[in-house]
Amino acid sequence: MERTLVKDLRKKVGEVVTIQGWLQKLRDQKKMQFLVVRDHTGAVQVVFEKAASEELAARISGITAESAIRVTGMLIDNPIVKLGGLELQLQSVEVENLAETPLPLDPFAEALPDMDYRLDWRYLDLRRPEVALIFRVQTTAEMAMREYWIKEGFREMHSPKIMGSPSESGAELFEVQYFDRTAYLSQSPQFYKQMAMSAGYDKVFEIGPVFRADPSFTSRHMTEFTGVDVEISWVDSHEDVMKFHEEWLAYVYNRVKEIHGEEIQALLGVEVVVPATPFPRLSMSEAYAILKAQDYALPPERKGDIDPGGERLLGKYVKEKYGHDFVFITDWPIAVRPFYHMRHSDNPGLTRSFDLLANGLEITTGAQREHRVDVLMKQAAEKGLTAGPIQFYLDFFKYGCPPHGGFGMGLNRMVMVLLGLTNIREATYLFRGPNRLSP
RNA sequence: GGGGGCGUGGUGUAGCGGUCUAACAUGCGGCCCUGUCAAGGCCGAGAUCGCGGGUUCAAAUCCCGUCGCUCCCGCCA
C-alpha cells in the first residue's frame with residue numbers, strides 16, 4: 001500500500017492508510033496498546049485493542065523504541081487524542097528494523113547529553129525534531145540564496161578543492177598526498193572565483209567545503225565548513241558588495257521566516273527577525289572610537305583589529321542604538337587584510353573591505369579586489385609573498401579583468417545566528433574539528 | 001599554541017574528608033493497570049566515582065601528574 005506522510009493524514013480520515021516511521025513510544029496496557037509513530041513530517045497515535053488478536057498484540061509488545069516500522073490501519077478522527085486529534089486503528093504492522101535496547105542515545109529523553117556524546121551518536125541525535133528542523137531551515141536558506149542569485153543573473157561555480165600550491169599564507173593548509181607529490185585542501189575558492197571575473201562570468205556564487213588547518217577549540221570554529229562565496233564584476237566599491245549582501249541576506253531571512261517561522265518559534269523558542277536594509281555600517285575607526293568610549297581594552301599588540309570580545313560589544317551597541325542585529329565594519333587597516341584587498345586611493349593605509357557581524361559574531365568577510373596587476377604585485381610583495389606560487393593568480397589580471405568585489409560567508413555560522421544556537425556543532429550535520437574525524 | 005572549567009550506573013545530575021555497603025531522575029528488564037497521551041503503580045538489574053601516584057587512621061571528596069571533553073584567548077567564516 002502507498003505510503004502516507006503523517007502531515008497528510010488529516011485529509012485521509014475514514015480511509016485505510018499505511019505510514020512508515022519510527023516507534024517513538026509504546027504504551028502497553030492490559031487491554032489496549034497505544035503507539036506514537038513518527039516520520040520526518042510529524043507524529044501520530046496508533047491504537048490496537050489486544051482482544052482483536054493476542055498474537056498481533058504480542059508482536060506489538062516486542063517492538064522496541066525507535067524501531068523502524070510500517071503500520072497500516074483505519075484512520076479516524078478522534079478529538080480526545082491530544083496528538084492532532086487523529087488516531088490510526090492498527091490492522092497490521094511490519095517491523096523493518098528492530099532497534100536494539102537500550103538506545104545509546106534516546107532522542108526523546110528530557111535531559112540532553114553532552115554535545116560530544118551527541119556527536120558520537122549523531123544519527124540518533126538528528127532524529128530529534130528540533131535538530132531536524134535546523135537542517136530543514138538550512139535547506140530553505142540555500143534555496144532562497146539561489147532564488148535570489150538566479151534572479152540577479154548569477155552563475156553557480158564549483159571550484160576544485162585540491163590545490164597544487166599553497167595560495168596565501170600556507171600556514172592553515174591541510175596537506176594531502178597526491179600520487180608522488182604533495183597537494184593541499186582548498187581553504188577558500190577566493191582565487192578561482194576571481195578567475196571567473198576575468199573569464200567574463202560577471203557574477204558568480206559557490207557553496208562548497210572549505211578546509212582550515214587551524215587548531216581552534218571554540219564553539220564557532222571547524223576544520224571543515226561550508227563556505228558561501230559570491231563575486232561580482234563591475235562594482236564601484238565595497239559599498240556595492242555590501243548593498244548586494246544585505247538585500248540578499250534579508251531575502252533569505254524573509255523566506256526562512258515565512259516557511260519555518262512558527263515552527264522555529266515553537267521548537268527552538270526563537271523569533272526570526274528579518275533585518276531591515278540597509279544594515280548599519282561602522283568604519284573601523286568609528287568602531288574603535290565606540291569601543292574606546294565604553295572603556296573596552298583592546299589588546300595593544302593587536303592594533304588595527306577587533307577581538308571577539310570587542311565584536312560582541314559592538315553587536316550589543318548596534319542592537320541598542322539601531323535596534324539591528326547586523327552591522328558592517330568597514331575600511332580595515334591593510335595590516336590585517338590580505339594583499340588582494342583594494343586600498344582606498346585617498347588613504348593607502350585602509351582597505352575597501354568589510355566584515356559582517358551578526359549578533360556580534362563575524363559571519364562574512366568581503367572587499368573590493370585589486371584588479372590592477374601592477375598594484376597587486378606591489379601589495380603581494382609588501383606582504384612578503386613571492387610571485388612564484390601565485391603567478392597563476394596574478395596572470396588573471398593581465399588580459400582584461402574588470403573591477404570586482406565579493407565576499408565569503410560561513411553557512412554554518414549564519415544558520416547558528418539565525419536560529420540562536422550557541423554552538424556551531426549544532427548547526428553542522430557532521431562536525432569536523434582538530435579532535436573530531438568521525439562519524 | 002596559551003588559559004579556565006568539568007570528568008560519579010546507558011544518559012542527566014546530587015554528594016565535595018568518616019553517616020557512601022554511593023543518592024535522585026530518566027532509560028532498560030519484569031509484573032500490574034476501564035483509552036493511554038510528560039500515563040500511572042510495584043519489583044529488579046545496572047557505578048571498583050576517567051586513569052596513575054601521593055597526603056591521611058580514613059579519599060568520589062584534598063594534592064600532583066596524565067588522558068578525555070568543554071569554553072575562552074590567538075586565528076578566522
Side-chain angles (χ1 to χ4, degrees), chain A residues 24-36 43-51 61-62 64-66 78-87 89 99-121 124-125 168-169 171-172 187-190 207-229 298-299 301-302 305-312 336-338 355-358 361-366 407-417 422-425 427-428 433-436:
Chain A
Q24 189 169 311
K25 195 83 202 174
L26 171 63
R27 286 189 270 272
D28 202 345
Q29 300 192 97
K30 181 154 193 165
K31 295 180 179 170
M32 309 281 292
Q33 288 169 319
F34 297 93
L35 302 81
V36 176
V44 67
Q45 173 163 298
V46 175
V47 66
F48 185 67
E49 285 194 54
K50 287 176 152 179
S61 293
T64 51
E66 291 301 308
N78 186 349
I80 292 164
V81 178
K82 293 181 180 174
L83 192 57
L86 280 175
E87 189 169 74
Q89 297 178 323
E100 290 183 22
T101 63
L103 291 162
L105 184 152
D106 176 2
F108 296 89
E110 45 210 60
L112 212 52
D114 279 355
M115 194 69 226
D116 192 55
Y117 186 81
R118 289 169 57 197
L119 293 182
D120 285 340
W121 299 98
L124 294 176
D125 185 52
E168 295 174 48
S169 67
E172 68 265 11
Q187 23 77 296
S188 162
Q190 182 63 36
I207 300 179
V210 175
F211 304 92
R212 300 280 166 87
D214 291 320
S216 296
F217 301 93
T218 75
S219 56
R220 57 188 187 281
H221 287 89
M222 299 188 279
T223 49
E224 175 179 353
F225 63 92
T226 304
V228 179
D229 274 87
L298 283 149
E301 75 274 15
R302 306 252 301 127
D305 206 349
I306 302 176
D307 59 11
E311 288 178 347
R312 285 190 286 270
V336 295
R337 291 275 136 157
D355 274 11
L356 178 62
L357 269 41
L361 177 68
E362 182 179 337
I363 65 167
T364 296
T365 295
F407 62 85
M409 185 187 80
L411 177 66
N412 313 278
R413 282 194 178 179
M414 191 218 84
V415 170
M416 178 181 168
V417 173
T422 56
N423 192 314
I424 201 156
R425 294 162 178 80
T428 306
N435 297 324
R436 170 64 71 170

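Lettering follows sequence order; numbering is per chain, from 1. What you see below is based on every heavy atom in this structure, not just the backbone, and it leaves out hydrogens, waters and symmetry mates.
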Mind checking the C1' distance from B:U19 to B:C6? Whole angstroms is fine.
28 Å
Please answer whether B:G35 and A:Phe34 are stacked, defined here as ring centres separated by less than 5.5 Å and planes angled under 30°.
no
Once you apply the 3.5 Å cut-off to both distances, tell me the Watson-Crick or G-U wobble partner of B:C69, or none.
B:G5
Atom C1', compared across B:C32 and B:A47: separation rounded to whole Å:
30 Å
Which comes earlier along RNA chain B counting from the 5' end, the contact point of A:Pro102 or that of A:His221, where each point is its nearest nucleotide?
A:Pro102
Same-atom distance (C1') from B:U34 to B:G41, integer angstrom:
16 Å
Is a donor-acceptor pair below 3.5 Å formed from side chain A:Gln33 to base B:G35, judging by atom type as modelled?
no
If the test is side-chain contact (heavy atoms from CB on, under 4.5 Å), which one of A:Val36, A:Leu26, A:Leu35 qualifies with A:Val46?
A:Leu35
Say whether A:Gln33 and A:Ser61, considering side chains only, have a donor N or O and an acceptor N or O under 3.5 Å apart.
yes
Complementary nucleotide for B:C20 - Watson-Crick or wobble, under 3.5 Å:
none
Atom pair distance, as rounded to whole Å: CD in A:Gln29 and P in B:G35
4 Å
Rounded distance in Å between the P positions of B:A38 and B:C33
22 Å
B:A77 pairs with which nucleotide, Watson-Crick or G-U wobble, both distances below 3.5 Å?
none
Across all strands, who's sitting opposite B:U61 as a Watson-Crick or G-U wobble pair, both distances under 3.5 Å?
none
Say you pick atom C1' in B:G9 and the same atom in B:G27; how far apart are they, in whole Å?
11 Å
Using a 4.5 Å cut-off on heavy atoms from C-beta on, say whether the side chain of A:Phe108 contacts that of A:Glu66.
yes
Any donor-acceptor pair under 3.5 Å joining the side chain of A:Ser216 to the base of B:C75?
yes
Any donor-acceptor pair under 3.5 Å linking the side chain of A:Arg212 with the backbone of A:Gln187?
yes
How long is the line joining CD of A:Glu100 and P of B:C28, in whole Å?
14 Å
C1' spacing across the pair B:U61 / B:G18, given as an integer number of angstrom
11 Å
Can you tell me the Watson-Crick or wobble partner of B:A45, both distances under 3.5 angstrom?
none
Write down the distance separating the P atoms in B:C63 and B:G10, rounded off to the nearest Å.
27 Å
Does A:Arg220 make a side-chain donor-acceptor contact with the base of B:C71, cut-off 3.5 Å?
no
Under 4.0 Å between a Lys/Arg side-chain N and an Asp/Glu carboxylate O for A:Arg425 and A:Asp125?
no
Quantified in whole Å, what is the P atom distance between nucleotide B:A22 and nucleotide B:G74?
47 Å
Whole-Å distance between B:A25 C1' and A:Glu110 CD?
7 Å
